[in-house]
Each structure stands twice: as C-alpha cells, then as structure tokens.
There are 4 protein chains.
Amino acid sequence: MSRRSGEQAAASRPPRGIPEETRDRLITAAARQFNRFGFHGTDSNSIAKEAGYAAGTFYKHFRNKREVFLVVYERWLAAEWKEVDDELSQVKNAEKTARRIVALVIRFHTEWSGLRASLMELVFSDPEVRKFFRRQRRRQLDHIMELRSRLRLPLQTSEEDAIFMCMTERVFDAIGQGEIQSLGLDQHVVIESIVERLHALLE
Amino acid sequence: MSRRSGEQAAASRPPRGIPEETRDRLITAAARQFNRFGFHGTDSNSIAKEAGYAAGTFYKHFRNKREVFLVVYERWLAAEWKEVDDELSQVKNAEKTARRIVALVIRFHTEWSGLRASLMELVFSDPEVRKFFRRQRRRQLDHIMELRSRLRLPLQTSEEDAIFMCMTERVFDAIGQGEIQSLGLDQHVVIESIVERLHALLE
Amino acid sequence: MSRRSGEQAAASRPPRGIPEETRDRLITAAARQFNRFGFHGTDSNSIAKEAGYAAGTFYKHFRNKREVFLVVYERWLAAEWKEVDDELSQVKNAEKTARRIVALVIRFHTEWSGLRASLMELVFSDPEVRKFFRRQRRRQLDHIMELRSRLRLPLQTSEEDAIFMCMTERVFDAIGQGEIQSLGLDQHVVIESIVERLHALLE
Amino acid sequence: MSRRSGEQAAASRPPRGIPEETRDRLITAAARQFNRFGFHGTDSNSIAKEAGYAAGTFYKHFRNKREVFLVVYERWLAAEWKEVDDELSQVKNAEKTARRIVALVIRFHTEWSGLRASLMELVFSDPEVRKFFRRQRRRQLDHIMELRSRLRLPLQTSEEDAIFMCMTERVFDAIGQGEIQSLGLDQHVVIESIVERLHALLE
DNA sequence: CATGAATGAGCCTTCATTCAT
DNA sequence: AATGAATGAAGGCTCATTCAT
C-alpha cells in the first residue's frame, strides 16, 4: 500500500469555487483513493490534497471519512444502475441485452474492485455503513420490482430477486478482483452461466 | 496504566510454557479478535493480553500482525477442509453428504464471517496476503483433484472446480454475513440450489 | 456542508444593515456563547452564524476572537455598574440599598458565571486580556472614589476599596458558579455578611 | 503563550524504567506546563517531551489530557493540606499557627496560580472536572471536621466551614494571581484580616 | 521464553482567520 | 457591508513494533 505525492493543482483554481464543484472534486479524489488504497489506507488529508484543496476543506463538505465513503459508494451504485437501466430501456433482443448488462456490471466491478473490497469489510466492521448498505439494498429490490412491471417481465418474488442479486454480485466481485484469472483460468464459463440466468429473467 | 487493566487470564498459564502452547493461545485469541473487530479493529497488544501474555511475547512468535492473520486463516481453512474431508470419506448417500457439507461450510462461514470479511479486504489491499491467499487456492484445487480420483468421482477440469468454489464460497459469505436474512428473506432456496449443484458433482 | 446547517436567523436582519447593529448582534451572540461554552469552547464562525451573519463578517467587526471577548466583558461590566449607580443615585435607606446592590451583583454573577470563569482564566493566560482587565480595574476604583465624593460617603483609601472589591467579587463568583449550593449549603449567611460590610461603607 | 523547545533528557534514562517514576515525571512536567501555559495552552505531546518521553508514553499512563490535569490538581491539593496538617499538629501559639498557615497557603496559591486559574475555568466548562472538584470539596470539609474534633477546637457547622473555605480560597487566588499587587496596593491588610479570622477558629 | 515500558510516525479532526467576490 | 469558500497549522490520540532486562 504505497503512498503517492503530487501537489500541483492548487494554483489553477479560483479561491472561491462553487461548493458543488468542490464537493465533486473531493468525491472523485476520494473514490480514486479508496479504490486504490482501501478505506483504511486512505487518509482524509490526502484526499483533499489530491482534489487540490487544503485539509480543512474536506471537513466543510463531509462530517468524516466514512461519510465520503458512503457518498462514493452511493454514486458508484447510481452510475451502475443508470447504465443498467439505459440498457433495459431499449430491449430488443433479450439475450443480447443480458450479455451487455453482464458485461457492463463486470466492467464496474473490475474498475472499482478496491472500492467493493473495502465496502464489504466496512459493512461488517462499521454499523453505520451496514445500515446504509442495507437501505440501499432495499431500494435496489424495489427498483427491480418497478422495472419488471414497467417492462412487463415475468413476475418473480422479491426473495428470488435478492438471492439472484446477492449471488451474482458476489460472483462479479470474484471476477472483478481477479480471483478467477489469478488461478490461470478462463472466466468465460462463469460469465456465460450468469448471462443465461439473466436472460431467463428477461423474457 | 497502573489501575485500569485487569489481568485475569494470566493465572491459567505456565509462566514459562511450551512455545507451541503459547503460540497456540495467541492464535486463538487473534482469531477471536479478528473475527469480532476485523483486522484493522484489532490491536496486537490486546491479542497478547487476551491470550494472557505481554505485548512483546506476540512479536516473539509472529513477525507482525499480518503474519498471525495468515496463520489464523490457514488454520481456519484447514479446520473447514478437515470436516469436509471427514464427510467425504464416508460417502454413502451422495445427496445427504452434499447437504451435510453445505451445512458445515455455512456453519464455518457464519461463525467466522468477520474473519472472512477482513480476509477479502486484505486480499485486495495487502500484496502479501494476496500472494498467500492464492497459494492456498492452488492447494485447494489440487486437493479437490486428488479427492476426486480417490473417490472415483466423475472427472472435471480444474477450471470448473475453481468456478464452483469461487461462486459458492462467495454465496456462503453472503449467507454467513447475514445479507440474505437482513433483507428479511428465507435463505433456504439458495442453500438448496447449492446442495443440488454439489450433489451433481458427487455422483 | 450543503444539507446540515439551518439558516433560520438570516431572515430577521436587513441584508445590508447599519454597521453598529451588526456589531451589536455579534456581541450579543458572542456573549451568549462565551457564557455557555467558555472562550475556548466557542468558535468565531458559530458566533457569526448565531448572529445571522457569515463567518467573514465577524472579522470585519473584530480583529479576532479575543477582541469580542473584551468588548463583551466591557459591556457586561458597564451594565453591572449602571445598575449599581442607579441604585446609589437614589439612596434613602443605606441598608436597603446595600441589600439591593448585593442582590443585583449576585444576579449578574449568576447569569454570567460562564463569562466570569472564562475571564479569570484568560486574565492569567492571555497578556492582552490581563492588560485590559487591569485597566478596567483602575477605572472602577476611580469611579468608586468619584462616587464617594459625590454621595458624601465616609472616606476610604483606594486600597481598602480594592481589597473590598476583589474579595467580594470572588465571593460573588463563588455564589454565581454554584460552589456554595453544590455543597448543599445555604448561601444566605455569606450574602448577609457582605451586605453588612457594604452597608457599613454606605453610611 | 509562547512555546518552548528543549529535547535533551531522553538519552540519560533507562529504556525500561519503573512505571511509577515515569508517571511521576509526567505529572511533574504536566503540572509545570499547566501552570505556565494553562490547560488549553498545553499539549500532551509536549508534556511527554518535557518529561523526557515520547508522545505515546503519555497515553500509557493517562487516558487523556484531562486525566493528568485532575491528578496534578489532586496532588497539589494533597501537598497543600499536608503542610497545613503538619502546621496544625504542632499548635502551641494559635496566632502564630494561623499566620504560618495563611503564609503557606498563599505560597501555594502564588506558585501555582496558573493551575488554579485553569482549574476554575475547567470546573465551569468541563463536567468531569466539575464532578471531581466537588468530590474533593466534600473530602476537604470532612477532613476539617475531623481535624477540629482531633484538636478539640470550638465546634462549627460544616456550612460555616464551607463558607470560610470558599471565601478565603478565592481571596488567596486573588493574591496569588497578583490582582492586589497589580493595582499597586499593599496586600498586607487582606492577609491580616484572614489571619485574624483563622486565628479565631483555632482557639 | 517472556516481559512490558517505551517508541514515534501518523491519522483524524478542529477552528481562527483570510480574501476574492 | 457582507459573503462564505478556503486555508493550514496544530493538537489529541492510537497502535504496530522494539529492545533491554
């Protein structure tokens, strides 16, 4: 978990910026660092620095390190679901859609595998993160139900959805974190199996 | 520090014990704490204290905190596989065996869910842990191959094994960490699905 | 910082007010916070906020936190002496006057006990505050001398005044800060003793 | 509130000292710094440094900065009362004893005036300190009662004791903090007045 | 083998103050 | 006159690790 330096940005930014932009830069920097070094390997001062701000600025926008983490996670999740929704909104060929959704989710879980690893640990070790995580889960299930009715897909219980979601998500993590590859194996088969399962749900 | 600490454990231990026993007590204490508070939430001094030793003793037996973690994990894995092997060595009814193995693995993943969560995070954030983890994986795959030939089970590629292992393990984690239950759902279906898949491999 | 803060006060204030009013509101807010949380427990941003202004406004009216503190103290002292003077300007019955003065001073020291406690500490730790405090003291002694000649009271040295002032003030602090009561005792006796001493000076 | 440096001691001390001695050095250094710079002007790292230790050592002996402060105060109080008791244990001439006690108490309040100023402020701003302070007060009153019966002195209610204690203590503070002198006055009169009052209690 | 006092780098967080708008 | 985003020094506290005994 090596450290970096880099202190170049500060000069090129107006001393009185738009809060939303500052917040945004901080979130982006935080996301990068959490993903690279993990939650415990990232310190709030260096997030601020990478975003081009002083240490104190961080705490004008977030109560603490955990709060940014949650925001980062929320944003990540929203981005993922946005792409999934976009894909679903133009379904023509169910199999092709399933394949594209799986591909994009894997992309997300690969690119943000560090974030995912930290999340899983924090869900265990930090009650606040756990609470937040579970609220998000609920929201996702509701969203899926809504999607299904909108797209006139075959009905399924929320339980079945949850199971499918948990299972596949964990498997996406395994792929994203390189577990399959690290054993020198082809992950095509797993992907194909998930594509099939998703395909079945889409028609 | 003179008043606060209670040294209750110290009495039940030989003042100059057998090294192996000391080590053992340290590992046990470490396992408990890692599982309860996570790797980052556990401090080495308190492991030593819980085991009934002074802070320095810990470092006579382990190079650092990571090293115990690895030993704890190794021991955990060995215990799990021992039970799995025991189960397999007396196969009569394949389905029943599959069901029992799934049950015992879930038991392990539930009882040690904190350890698992920390492991996943460290595999990402700590290169040493990652290396160790992957070596273990290899060993497991080899062990499965060996089991199969010993038990004259139908052949399967190591790839298929790996996929099965990764996927199910992640799902066991999800169960052990209470994700399914926390959504208020019955996890019976997932378990049944895994039992079936395992059953298929056993005959 | 976008969600948490509530800006309730802002409405009741002209957006570009008379400087003196702004200053006044800041002083009032500062007084309240110093009295509640102490000098070190109060932050300048929150004074501005309570007064209905932005952080920077505070520093347009005061050089620093200490400066408002001094102004607050000065104002407090002036208010106290105003009431004392009012009482003295209509002396008919010396004993009754003594009693009323003691009562009002105790009221001041009780209502502003937090301010007093902070003052005492700053007089010690901050040379500027000390200097200011001593100048005020001088002024008080001069004022007493002047009062005496105006009211044709029996002469007394400035030393005797100073001693009386210091001693009684400290005792008023003790009462105001609840030291007597916290020991479960009746503070009537102390008060009576001071009333008597003051009475003696008034005729 | 200027800062000092000085880092010479560390080498001349055994790396494995007696805890009680370490604690003692820390308390002594803390007392000095609190007395010079006030509670808020003192930082725990520099206490450790002045005592000849690293920052962490401080926290092996005290839970936090407040805790040392309380210990320092307790020790200060004990030392004062020890001298008072010693004086009382050999009473021959009541007046002379009264005079000597007043002198020694003034010495304590002068030498430790900074500590006293900080104490008064913390009693107001910190609930824990307040609680502690009040417990000590109770103890002092009990001690006085006990002394009186041991020395066969004229009876007096605990209330009268409390009042006497509060009042005189505050006046000692005023003397110790130089309030009398700073007004260019002779504090002899005050002292004499207190001596008399104490004298009256001793026979 | 075991002790346990000591280390010290480093992290999180606060807050008085500034300055361009 | 007022704003409020930004600063950055500083301080409390933790904890993995060492080493003389």
Against the side chain of Ala55(D), the closest entry in dG8(F), dC12(E), dA9(E) is dA9(E)
Whole-Å gap separating [atom2] ([N]) and [atom1] ([X]):
X: Ile47(C); N: dT17(E); atom1: CD1; atom2: C1'; answer: 13 Å
X: Leu26(B); N: dA16(F); atom1: CG; atom2: P; answer: 14 Å
X: Arg63(B); N: dC19(F); atom1: CZ; atom2: C1'; answer: 18 Å
X: Glu67(C); N: dA16(E); atom1: CD; atom2: C1'; answer: 14 Å
X: Lys49(B); N: dC15(F); atom1: NZ; atom2: C1'; answer: 13 Å
X: Asn64(C); N: dA16(E); atom1: CG; atom2: C1'; answer: 9 Å
X: Tyr53(C); N: dT17(E); atom1: OH; atom2: P; answer: 21 Å
X: Tyr59(C); N: dA5(F); atom1: OH; atom2: P; answer: 17 Å

Q. If only side-chain N and O atoms of Thr57(B) are considered, is one of them under 4.0 Å from the OP1 or OP2 phosphate oxygen of dG4(E)?
A.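 For Thr57(B), the contact criterion (side-chain N or O under 4.0 Å from OP1 or OP2 of dG4(E)) is not met.
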Under 4.0 Å between a side-chain N/O of Thr22(B) and OP1 or OP2 of dA2(E), yes or no? yes
message: Once you measure the plane-to-plane angle for Phe39(D) and Phe34(D), does it fall in the parallel (<30°), tilted (30-60°) or perpendicular (>60°) bin?
response: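 Taking Phe34(D) first and then Phe39(D), their aromatic rings lie parallel (interplane angle under 30°).
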Under 3.5 Å for both donor-acceptor distances, Watson-Crick or wobble: does [N] have a partner, and if so which one?
N: dT21(F); result: dA2(E)
N: dA16(E); result: dT7(F)
N: dG10(E); result: dC13(F)

Fill in: Pair Lys131(C) + Asp126(C): basic N to acidic O under 4.0 Å
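No.
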Check: Which sits closer to the 5' end of DNA chain E, Ser44(A) or His61(B), going by the nucleotide each is nearest to?
Finding: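 Comparing both residues, the 5'-ward one is His61(B).
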The answer to which of Phe39(C) and Lys60(C) contacts DNA chain E further toward the 5' end, by nearest nucleotide, is Phe39(C)
Of Gly56(C) and Asn45(B), the one whose nearest nucleotide on DNA chain F sits closer to the 5' end is Gly56(C)
5'-most contact on DNA chain F (nearest-nucleotide basis), His40(B) vs Phe58(A), goes to Phe58(A)
NZ (Lys49(C)) and CD (Gln33(C)) are apart, to the nearest 0.5 Å, by 10.5 Å
- [ ] State whether a side-chain donor-acceptor pair under 3.5 Å links Tyr59(B) with Ser44(B).
- [x]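 A donor-acceptor contact under 3.5 Å links the two side chains.
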| message | Just checking Phe69(C) against Tyr73(C), ring centres under 6.0 Å apart? | response | no
